[in-house]
Amino acid sequence: FPKSNLPEFQKSVLLSGEKEMTGLYFSGHPLDGYGDIIKQIGATDLSTLRRDLENGRLKKSDVVKFIGLVTKKRSKVTKKNDIMAFVTAEDENGEAEIIVFPSLYAEAGSLISENKVLVFTGNPELKEAYGDEASENVTILLKSVTTPEEAAEKMQKTANAKPSAS
């Protein structure tokens, strides 16, 4: 084949097109470049979250960090006329539902948008998947959300902070 003079697609455009056309990623995953940040901030992947919830090592009261790509965001008006959101985010191991309550949505809802990689911090739980009694989905009741870069910067500042002498 003759060489094309067209520029290569950006990685994010290529991955998005692959997922849209086939439902799968072939040339990588949107989280591929985040391995160091995932380790630095102590984020947990979905397969580990699911396993630890199933075997009781994690409880609903525990707080976890999860880095995921937002694939869907549904806003809802509550009975009190506040806005909350149900967000679907994925990593290489599957999808989680993130529940964003009105107080946090008012503060950080604009940060959450589709095709954006974010760090979700909150309380994990397993919920029965709709229409599939044999399957349970990881749900995170959101306490805070930030970008991976901001989370890494915050961890770096915390690590560099010197304890004051009394």
Side-chain angles (χ1 to χ4, degrees), residues 12 15-16 19-20 23 25 28-159 161:
S12 61
L15 291 172
S16 178
K19 182 74 171 185
E20 185 178 324
Y25 297 110
H29 190 278
L31 298 181
D32 284 349
Y34 292 93
D36 289 342
I37 292 176
I38 290 169
K39 288 178 189 164
Q40 181 182 357
I41 67 171
T44 307
D45 64 78
L46 281 177
S47 63
T48 303
L49 280 176
R50 184 175 290 108
R51 183 188 66 234
D52 288 353
L53 284 164
E54 286 171 346
N55 67 24
R57 286 177 40 198
L58 266 179
K59 296 175 182 36
K60 289 181 184 181
S61 59
D62 292 332
V63 176
V64 297
K65 288 182 184 171
F66 163 68
I67 293 184
L69 173 72
V70 176
T71 57
K72 190 187 315 180
K73 175 182 172 182
R74 293 180 293 120
S75 298
K76 179 184 179 200
V77 178
T78 67
K79 290 179 184 176
K80 293 182 178 179
N81 240 8
D82 295 323
I83 299 174
M84 66 180 294
F86 297 90
V87 176
T88 303
E90 69 175 33
D91 70 3
E92 295 93 337
N93 300 300
E95 293 181 338
E97 180 180 46
I98 314 293
I99 300 175
V100 187
F101 292 106
S103 58
L104 183 58
Y105 189 84
E107 178 186 317
S110 61
L111 179 65
I112 304 169
S113 60
E114 290 183 11
N115 297 315
K116 192 168 187 179
V117 175
L118 294 170
V119 178
F120 301 98
T121 303
N123 305 106
E125 59 182 51
L126 285 177
K127 289 206 172 174
E128 190 174 298
Y130 296 109
D132 187 0
E133 295 167 12
S135 164
E136 291 183 305
N137 290 332
V138 174
T139 299
I140 297 175
L141 307 178
L142 198 62
K143 300 287 183 198
S144 69
V145 61
T146 188
T147 65
E149 296 77 15
E150 288 172 347
E153 187 177 310
K154 185 176 178 183
M155 288 296 291
Q156 189 65 39
K157 284 181 182 176
T158 303

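In what follows, every heavy atom counts, from backbone to side chain, and hydrogens, waters and symmetry copies are set aside.
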task: Starting from the C-alpha separation in whole Å, work towards a yes-or-no answer on side-chain contact (heavy atoms from CB on, under 4.5 Å) for L126 and R50.
output: CA-CA 7 Å; L126 285 177; R50 184 175 290 108; 4.2 Å; yes

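- Between the T147 side chain and the L118 main chain, no donor and acceptor come within less than 3.5 Å of each other.
- Listed for the K73 side chain is a donor-acceptor partner under 3.5 Å among the backbone atoms of G109.
- Separating the CG atom in N93 from the CZ atom in R51 is a distance of 10.0 Å, to the nearest 0.5 Å.
- A salt bridge is absent between E149 and K154: the closest approach of a Lys/Arg side-chain nitrogen to an acidic carboxylate oxygen does not fall below 4.0 angstrom.
- Atom CD1 of I98 and atom NZ of K72 lie 13.0 Å apart (nearest 0.5 Å).
- With hydrogens and angles disregarded, no donor-acceptor distance shorter than 3.5 Å links the side chain of T44 to the backbone of T48.
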field: Check against side-chain contact (heavy atoms from CB on, under 4.5 Å), L31 and Y34
entry: CA-CA 5 Å; L31 298 181; Y34 292 93; 4.2 Å; yes

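- Checked by atom type and distance alone, the side chain of D91 pairs as donor or acceptor with a backbone atom of L46 at under 3.5 Å.
- Salt-bridge check for K157 with E153: passed, with a basic side-chain N closer than 4.0 Å to an acidic carboxylate O.
- The distance from the OG atom of S103 to the CE atom of M84 is 10.0 Å, given to the nearest 0.5 Å.
- Rounding to the nearest 0.5 angstrom, the gap separating the CD1 atom in I140 from the CG atom in N123 is 9.5 Å.
- Once rounded to the nearest 0.5 Å, the distance linking CG of L58 with CG of L53 reads 5.0 Å.
- One finds the CD atom of E114 at 7.0 Å from the OG1 atom of T71 (value rounded to the nearest 0.5 Å).
- Each of V70, V64, I67 was compared with F120 under the side chain to side chain contact (heavy atoms under 4.5 Å, CB included) criterion, and only V70 meets it.
- Within the structure, salt bridge (charged side-chain N to carboxylate O under 4.0 Å, His left out) contacts touching residues 31-47 (residues at least two apart or in different chains) do not occur.
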- request: Check step by step if side-chain contact (heavy atoms from CB on, under 4.5 Å) holds for S75 and Y105.
  value: CA-CA 9 Å; S75 298; Y105 189 84; 3.2 Å; yes

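- With D52 contributing its side chain and L49 its backbone, the two residues share no donor-acceptor pair below 3.5 Å.
- A salt bridge links E125 to K127: one of the charged nitrogens lies within less than 4.0 Å of a carboxylate oxygen.
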